[in-house]
Amino acid sequence: MRLATWNVNSLKVRLPQVLDWLKLHQPDILCLQETKLEDANFSAGELAAAGYHALHSGQKTYNGVAILSRAKAGDAILAVPGFEDSQKRVLAASIGKLRVVCLYVPNGQSVGSDKYRYKLEWLAAVTAWLKRELTSFPQLAVVGDYNIAPEERDVHDPKAWEGQVLFSAPERKAFQDLLALGFKDSFRLFEQPANSFTWWDYRMNAFRRKMGLRIDHILVSASLAPACRVCSIDVEPRRVERPSDHAPVWADLDI
DNA sequence: ATGGTAGAAACTCTA
């Protein structure tokens, strides 16, 4: 089973690229972030024609998450139970024996801002919820745009980024707290090329200059990790005309 | 110290 995640930064703009990518890579599941669409405007018809069922939790202009799957998904959850949040950033569903959680973690804007505090509170709530989810669903994959680079090797210039949003110590601690539930960062289960990143700022020619961060992740629970065969970043969609600022990440699971 | 780009939408906010 191939599982993938991609922050598309507007599904309206990126739908043709998503359809191309589905055709080329044939994932069983593709989780999307930043669809920036209300549910009524979601591209369900085009995706169905491509052979994918879809769940979507969206809003106008900002945020929005979706789970596309070849097999129909069930038992969907559209928010963290008990956590008050007007922003559509969470979607969970079961596909076969696999439980998938699609996350769009808040960006945090800048360290010390209100949005940064919201990011850390949101991460604490999600971590507490996932601890409970694991008891019901041991075969759990938590994927999406985490807006956190976990380690120095995930940042093109760790010295320049030290203490900045996306790489500050409290954010990295929040990521470690999630791993402490037993999750593995599937990308790091395997040898990977140096300078592997998933996001490059649109500004300053960051992509051409290889100034990226690895902030999109596929986390697999302890009981799922042994089934993971490969995890890779596909940078090709970042090279095309009008790209998303994020590249897709995919993993193959022997389940 | 600032601004660079992109998307959505509305002349600004978010990333």
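Below, chain A is the first sequence line, B the second, and so on; all start at residue 1.
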| said: Angle between ring planes, His156(A) versus Trp161(A), binned at 30° and 60°: parallel, tilted or perpendicular? | reply: perpendicular
| query | Between Lys12(A) and Glu34(A), who's closer to the 5' end of DNA chain B by nearest nucleotide? | reply | Lys12(A)
| request: Between dA15(B) and dG3(B), how far apart are the C1' atoms? Round to whole Å, please. | output: 15 Å
| Are Leu189(A) and Phe175(A) in one and the same hydrophobic cluster, where Ile, Leu, Val, Met, Phe, Trp and Tyr link if side-chain heavy atoms are under 4.5 Å apart? | no
| request: For the residue pair Phe197(A) and Trp200(A), categorise the inter-ring angle as parallel (less than 30°), tilted (30 to 60°) or perpendicular (more than 60°). | output: perpendicular
| field | Short side-chain N/O contact from Arg242(A) to OP1 or OP2 of dT5(B), under 4.0 Å | value | no
| Taking atom C1' of dA10(B) as reference, at what distance in whole Å does atom NZ of Lys36(A) sit? | 15 Å
| field | For DNA chain B, the residues among residues 103-115 of chain A that have a non-hydrogen atom under 4.0 Å from it | value | Tyr104(A), Asn107(A), Lys115(A)
| note | Separation of dA9(B) atom C1' from Gln59(A) atom CD, nearest Å, is 14 Å
| Is there side-chain contact between Asp85(A) and Val80(A), with at least one heavy-atom pair below 4.5 Å? | no
| field | Pi-cation contact, Phe167(A) with Arg172(A) (under 6.0 Å, within 45°) | value | yes
| query | Under 4.5 Å between side-chain heavy atoms, hopping through other hydrophobics if needed: is there a path connecting Leu98(A) to Leu140(A)? | reply | no
| request: Take the protein atom OH of Tyr202(A) and the nucleotide atom P of dG3(B), then report the distance between them rounded to whole Å. | output: 22 Å
| remark: From CG of Asp245(A) across to P of dT14(B) the rounded distance in Å is 17 Å
| Side chains of Tyr118(A) and Ser113(A): do they bring a donor and an acceptor to under 3.5 Å? | no
| remark: Contact check, residues 151-171 of chain A vs DNA chain B, heavy-atom distance under 4.0 Å, returns none
| 5′-ward residue of the pair Val13(A)/Gln87(A) relative to DNA chain B | Val13(A)
| Under 4.0 Å between a side-chain N or O of Arg14(A) and OP1 or OP2 of dG7(B)? | yes
| task | Just call it for Arg209(A): base, sugar-phosphate, or nothing, with non-hydrogen atoms closer than 4.0 Å on any strand. | result | nothing
| message | Is it the case that over 12 heavy atoms from other parts of the model lie below 6.0 angstrom from the NZ atom of Lys36(A)? | response | yes
| Whole-Å distance between dT14(B) P and Trp199(A) CH2? | 17 Å
| query | Judged by atom type as modelled, is there a donor-acceptor pair below 3.5 Å linking the side chain of Asp157(A) to the main-chain atoms of Ala160(A)? | reply | yes
| Tell me: CG of Leu37(A) to P of dA9(B), nearest whole Å? | 9 Å
